[in-house]
Amino acid sequence: VWSGTLTANFFYYLLGAKIGRRTIMTQVGLYGDLDQWIVGDDCVIDGYVWQSHTFEDRVFWVQKTEVGNRCFVGKDSILMGGVTLGSDSHLEPLSCAWKTMKLEPGTHAAPKRYIGSPPVQ
């Protein structure tokens, strides 16, 4: 019901996410670790993309995931915990940004496009 509306952003905000202005999330899902999301202004997040936590070697890891301003995260892509997607960047559909990756920002006129797993330019 709330998919693709600003109402979804308000719902996630109430649960601890930091979501910028004019940002659209096309799918609403039940996520954990919403307080670990930081999303900039003018972004499009297309699908269920968040994996903010992992369980490795009997240790539970939770890390912030940051998406800069004017970013696009494609359908069925995955942002793992600790990822930073720089402003003016696009993560193409079916890509996976691995834990703690820092994807460089582009420019407003020429956004950087990343594709694959791990994502390459």
Side-chain angles (χ1 to χ4, degrees):
V1 172
W2 294 350
S3 295
T5 70
L6 296 177
T7 306
N9 295 3
F10 181 68
F11 172 72
Y12 287 141
Y13 170 78
L14 290 176
L15 296 173
K18 294 177 180 72
I19 300 174
R21 300 162 110 186
R22 298 175 304 275
T23 290
I24 295 291
M25 296 194 179
T26 63
Q27 300 292 319
V28 176
L30 298 175
Y31 295 103
D33 313 317
L34 291 163
D35 58 327
Q36 301 302 308
W37 300 0
I38 301 171
V39 183
D41 297 335
D42 302 312
C43 295
V44 175
I45 311 294
D46 192 5
Y48 303 105
V49 301
W50 308 100
Q51 183 181 341
S52 301
H53 67 271
T54 57
F55 190 73
E56 302 169 14
D57 298 322
R58 298 179 304 250
V59 177
F60 184 70
W61 293 92
V62 179
Q63 296 175 314
K64 289 196 182 298
T65 303
E66 298 182 33
V67 176
N69 297 322
R70 296 172 304 281
C71 289
F72 170 77
V73 179
K75 184 93 171 138
D76 297 325
S77 291
I78 297 173
L79 295 171
M80 298 184 83
V83 167
T84 300
L85 182 59
S87 294
D88 298 304
S89 297
H90 294 185
L91 185 64
E92 298 297 326
L94 298 172
S95 299
C96 178
W98 295 357
K99 288 186 343 178
T100 68
M101 288 187 89
K102 308 291 186 231
L103 301 177
E104 296 294 321
T107 64
H108 189 62
K112 285 197 177 179
R113 297 182 186 278
Y114 296 95
I115 189 166
S117 178
V120 293
Q121 195 174 0

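Here the structure is a predicted model, which means the values were calculated and not measured.
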Student: Please report the shortest heavy-atom distance between Cys71 and Ser87, naming the atom on each side.
Tutor: SG-CA, 4.0 Å
Student: Given the rule in the side-chain contact (heavy atoms from CB on, under 4.5 Å) test, do Phe72 and Val44 qualify, once you have shown the distances and angles that lead to the verdict?
Tutor: CA-CA 5 Å; Phe72 170 77; Val44 175; 3.9 Å; yes
Student: Strictly distance-based, threshold 3.5 Å: is any side-chain N or O of Thr23 a donor or acceptor partner for the main-chain N or O of Gly40?
Tutor: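 A pair under 3.5 Å: yes.
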Student: Carefully, step by step, assess Leu6 and Ile24 under the rule side-chain contact (heavy atoms from CB on, under 4.5 Å).
Tutor: CA-CA 6 Å; Leu6 296 177; Ile24 295 291; 3.8 Å; yes
Student: Give a yes or no on whether Ile115 and Val73 share a hydrophobic cluster (residues Ile, Leu, Val, Met, Phe, Trp, Tyr; joining criterion: side-chain heavy atoms under 4.5 Å apart).
Tutor: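 Different hydrophobic clusters.
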Student: Is the shortest heavy-atom distance from the side chain of Met25 to the side chain of Phe11 under 4.5 Å?
Tutor: no
Student: Could you tell me if the side chain of Thr54 sits less than 4.5 Å from the side chain of Trp61, heavy atoms only?
Tutor: yes
Student: Rounded to the nearest 0.5 Å, how far does CG of Leu14 lie from CG of Asn9?
Tutor: 11.0 Å
Student: On a heavy-atom basis, which atom in Val83 and which in Ala97 lie closest, and how many Å separate them?
Tutor: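 It is CG2-O, 3.4 Å.
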Student: Using the test ring-ring contact (aromatic ring centres under 6.0 Å, His included), find all partners of Phe60 that sit at least two apart in sequence or belong to another chain.
Tutor: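 Listed in chain order: His53.
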Student: Can you measure from CD1 (Ile45) to CG (Leu85) and round to the nearest 0.5 angstrom?
Tutor: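 CG of Leu85 is found 8.0 Å from CD1 of Ile45.
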Student: Does anything in residues 95-110 pair up under side-chain hydrogen bond (donor to acceptor under 3.5 Å, both in side chains), and if so which pairs, sequence neighbours excluded?
Tutor: Glu56-Lys99, Arg70-His108, Trp98-Ser117
Student: How close do Gly47 and Gln27 get, counting heavy atoms only, and between which atoms?
Tutor: CA-CG, 3.4 Å
Student: Nearest 0.5 Å, what's the CG-CG distance between Asp88 and Asn69?
Tutor: 8.0 Å
Student: Flag the pair Trp50 / Asp33 as yes when at least one side-chain heavy-atom distance between them is below 4.5 Å, and no otherwise.
Tutor: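 A side-chain contact under 4.5 Å is absent here.
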Student: What distance separates Lys64 NZ from Thr84 OG1, expressed to the nearest 0.5 Å?
Tutor: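 Going from the NZ atom of Lys64 to the OG1 atom of Thr84 covers 11.5 Å.
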Student: So, for Ser89 and Gly106, which heavy atoms are closest and what is the spacing to 0.1 Å?
Tutor: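 So the two residues come closest at OG-N, 3.9 Å.
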Student: Rounded to the nearest 0.5 Å, how far apart are SG of Cys96 and CG of Leu91?
Tutor: 8.5 Å
Student: Under the salt bridge (Lys or Arg N to Asp or Glu O under 4.0 Å) definition, can you give me all pairs with a residue in residues 7-23, not counting sequence neighbours?
Tutor: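 As it turns out, the salt bridge (Lys or Arg N to Asp or Glu O under 4.0 Å) pairs with a partner in residues 7-23, which skip direct neighbours, are Arg22-Asp42.
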Student: Specify the closest pair of heavy atoms between Val62 and Gln36, including all atoms of both residues, with the distance to one decimal.
Tutor: CG1-CG, 3.4 Å
Student: So Leu103 and Lys112, do their side chains get closer than 4.5 Å, heavy atoms only?
Tutor: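 No, too far: nothing below the 4.5 Å cut-off.
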Student: Could you see if Met101 belongs to whatever hydrophobic cluster contains Leu79? Use Ile, Leu, Val, Met, Phe, Trp, Tyr and a side-chain cutoff under 4.5 Å.
Tutor: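 Yes, Met101 connects to Leu79 through the hydrophobic network.
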Student: CZ of Phe10 to CG of Leu15: how many Å apart, nearest 0.5 Å?
Tutor: 10.0 Å
